[in-house]
4 protein chains.
Amino acid sequence: MLLSIDPRSQQPIYDQVVRQIKFAIASGVLQPGSMIPSVRELAKELVLNPNTIARAYRELQADGILETVRGVGLRVQSKARRRCVNEQRELIRARLEQMIREASTSSLAREEVEAMIDRELDRFFSPSSSDSTRTK
Amino acid sequence: MLLSIDPRSQQPIYDQVVRQIKFAIASGVLQPGSMIPSVRELAKELVLNPNTIARAYRELQADGILETVRGVGLRVQSKARRRCVNEQRELIRARLEQMIREASTSSLAREEVEAMIDRELDRFFSPSSSDSTRTK
Amino acid sequence: MLLSIDPRSQQPIYDQVVRQIKFAIASGVLQPGSMIPSVRELAKELVLNPNTIARAYRELQADGILETVRGVGLRVQSKARRRCVNEQRELIRARLEQMIREASTSSLAREEVEAMIDRELDRFFSPSSSDSTRTK
Amino acid sequence: MLLSIDPRSQQPIYDQVVRQIKFAIASGVLQPGSMIPSVRELAKELVLNPNTIARAYRELQADGILETVRGVGLRVQSKARRRCVNEQRELIRARLEQMIREASTSSLAREEVEAMIDRELDRFFSPSSSDSTRTK
DNA sequence: GTGGTCTAGACCACG
DNA sequence: GTGGTCTAGACCACC
């Protein structure tokens with residue numbers, strides 16, 4: 001479980017745990033059917049309060065991502081993968097919408113926003129086949 | 001002062017006020033040198049407690065956006081425009097970066113992300129002259 | 001009346017007027033027995049609210065610095081000079097005390113404070129006859 | 001936390017708290033990395049409203065002196081010490097400059113000012129090795 | 001337990 | 001009239 005937690009972020013820690021586990025599932029790092037670390041184990045590993053981990057796991061159960069195996073622990077549900085992918089996609093879309101909305105009511109021109117977007121895309125993605133820059 | 005406040009948002013009300021005023025200055029709706037509505041006035045208009053407005057104004061002062069004219073009210077500082085534009089630009093860039101970073105570590109392909117971006121751009125911006133869609 | 005007023009200072013404007021008039025008297029620029037500008041006149045000259053000037057003059061009367069000459073205006077009292085000098089001296093001493101007290105409870109060593117003092121003294125005073133620096 | 005608050009001072013209470021905490025950090029009484037008293041605790045100790053303390057702490061956060069550890073409390077930032085020392089030094093220098101400037105435009109001679117300074121230095125500092133008085 | 005936000009209302013200084 | 005400070009008390013999220 002390689003989770004990178006930033007305790008100084010505004011985002012609640014339990015929420016960071018939730019999201020990163022969902023991401024790990026969406027990207028295939030965590031396979032449906034596999035067990036996840038116990039509350040105490042993960043808490044010790046991340047140097048966090050066990051309550052924080054417990055809350056994260058509780059949310060993941062409520063979201064239908066994890067399921068309890070009595071006497072054993074928590075397991076990634078079989079349908080978790082698709083749910084995580086969808087949720088992640090929606091999350092990204094929502095972020096995008098908010099960002100673009102603010103940009104559109106700002107003093108920035110569409111071209112400027114597009115330039116910023118392309119710059120960030122190139123930073124994080126390997127260039128796509130034929131279109132790392134737009135044709136104008 | 002047309003501020004749209006959402007009291008149910010996660011974002012604190014005072015912060016919504018701060019940001020919207022900065023946006024209004026960045027976009028030129030609020031001119032440097034002009035006075036802004038009094039604490040009591042804006043509080044009444046938005047149906048908020050004057051202290052909430054006062055806190056927003058205090059932050060704007062600390063940020064060098066507003067300045068007090070004692071016994072008179074608060075005025076938009078002369079250098080506020082550039083500061084607001086810069087800050088807004090940086091805010092948008094940071095949002096963008098976070099979004100793209102998450103997208104890149106997700107299961108989404110670059111092409112999918114680009115498609116989402118173009119869809120949102122077209123929703124909020126009037127289409128740019130020649131490039132409302134990317135050439136592939 | 002050459003008063004330099006800084007409307008952005010924390011110090012109230014009326015107080016700046018009071019103090020600067022006292023300084024002018026202490027330094028001999030304003031002579032006991034001479035008339036001072038009318039409220040309206042000075043307000044216009046300094047681009048201030050007449051109430052502000054009126055309040056300053058009121059305080060100066062209460063302090064025994066100015067006196068009314070009925071039907072004519074306000075005049076610098078005969079004993080004003082000595083009072084202003086004393087008051088100014090006390091003001092400076094109080095400032096000094098506060099400053100030194102803070103410095104003493106800080107992490108600064110006496111030698112550092114002395115060095116700062118000498119630097120400022122040299123900036124504002126022409127060097128004294130034989131002792132612009134300390135002998136060690 | 002031995003803070004001496006003077007509710008009758010012109011200086012706002014929250015500001016006295018801010019400054020005294022900065023001083024405590026600058027002088028090493030409060031160590032970077034250590035927790036500070038909770039809002040409620042300090043409020044009770046100083047017989048003040050918790051909001052007043054909260055405001056002071058908020059300013060210290062904005063100044064990069066404190067940081068929140070969510071659900072736990074507030075901690076002195078690692079770089080706080082240097083910041084506080086610098087700020088304090090600058091504060092003292094500014095006070096000094098204002099004081100000397102006023103003294104220089106007054107009727108006081110440099111020698112008189114120097115005598116006042118030495119008197120105050122000796123009141124608050126233990127005499128320095130060889131130079132408790134100036135040589136003339 | 002912790003800090004953070006918001007409301008409500010009082011009082012003050014300034015112009 | 002204006003902003004600024006302070007008190008009081010409620011509610012919330014987080015750990």
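Reminder, nothing fancy here: chain letters follow the sequence lines and each chain counts from 1.
In this structure, Arg40(B) atom CZ and dG4(F) atom P are separated by 10 Å, rounded to whole Å. If you measure from atom CD1 of Ile13(D) to atom C1' of dC11(E), you get 13 Å, rounded to the nearest angstrom. The distance between atom OH of Tyr14(D) and atom P of dG4(F), rounded to the nearest whole Å, is 9 Å. Counting to the nearest Å, the C1' atom of dG3(E) and the CG atom of Leu60(D) are 14 Å from each other. Rounded to an integer number of Å, the gap from CG of Asn49(D) to P of dA10(F) is 13 Å. Distance, Met35(D) CE to dG1(E) C1': 12 Å, rounded to whole Å. Atom CD in Glu59(B) sits about 12 Å away from atom C1' in dG4(E), given to the nearest Å. Separating the CD1 atom of Ile5(C) from the P atom of dG15(E) is a distance of 10 Å, rounded to the nearest angstrom.
Gln10(C) comes within 4.0 angstrom of no nucleic acid atom, judged by non-hydrogen atoms across all strands. Within 4.0 Å of Arg58(B), counting heavy atoms only, lies no atom of the nucleic acid at all. Counting any heavy atom pair closer than 4.0 Å across all strands shown, Asn51(B) reaches a base atom. At the heavy-atom level, Leu48(C) lies nowhere under 4.0 Å from the strands shown.
Projected onto DNA chain E by closest heavy-atom contact, Gly71(B) and Pro12(B) fall at different nucleotides, the more 5' of which corresponds to Pro12(B). The residue among Gln11(A) and Pro50(D) whose nearest nucleotide of DNA chain F lies closer to the 5′ end is Pro50(D). Comparing Arg70(B) and Thr52(B) against DNA chain E, the residue whose closest nucleotide sits nearer the 5' end is Thr52(B). Of the two residues contacting DNA chain F, namely Ile36(B) and Asp15(D), the nearest-nucleotide position lying further toward the 5' end is that of Ile36(B).
Nucleotide dC14(F) forms a Watson-Crick or G-U wobble pair with dG1(E), both donor-acceptor distances falling under 3.5 Å.
Side-chain contact between Thr68(B) and Gln61(B) is present, with at least one heavy-atom pair separated by less than 4.5 Å.
For the pair Arg55(D) and dC6(F), the criterion of a side-chain N or O lying under 4.0 Å from OP1 or OP2 is not met.
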(message) Working note: Arg93(B) + Glu97(B), criterion salt bridge (Lys or Arg N to Asp or Glu O under 4.0 Å); need CA distance, chi angles, decisive distance, verdict.
(response) CA-CA 6 Å; Arg93(B) 204 204 55 73; Glu97(B) 178 181 330; 2.9 Å; yes
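The listed nucleotides are dG3(E), dT5(F), dG4(F); the one nearest the side chain of Thr68(B) is dG4(F).
With a 6.0 Å radius and a threshold of 12 heavy atoms from other residues, nucleotides or ligands, Glu90(D) has its CD atom above the threshold.
Under 3.5 Å, the side chains of Gln31(B) and Arg81(B) contain no donor-acceptor pair of N or O atoms.
Tyr14(D) pairs with exactly one of Arg55(D), Arg19(D), Glu59(D) by the side chain to side chain donor-acceptor pair (under 3.5 Å) rule, that one being Arg55(D).
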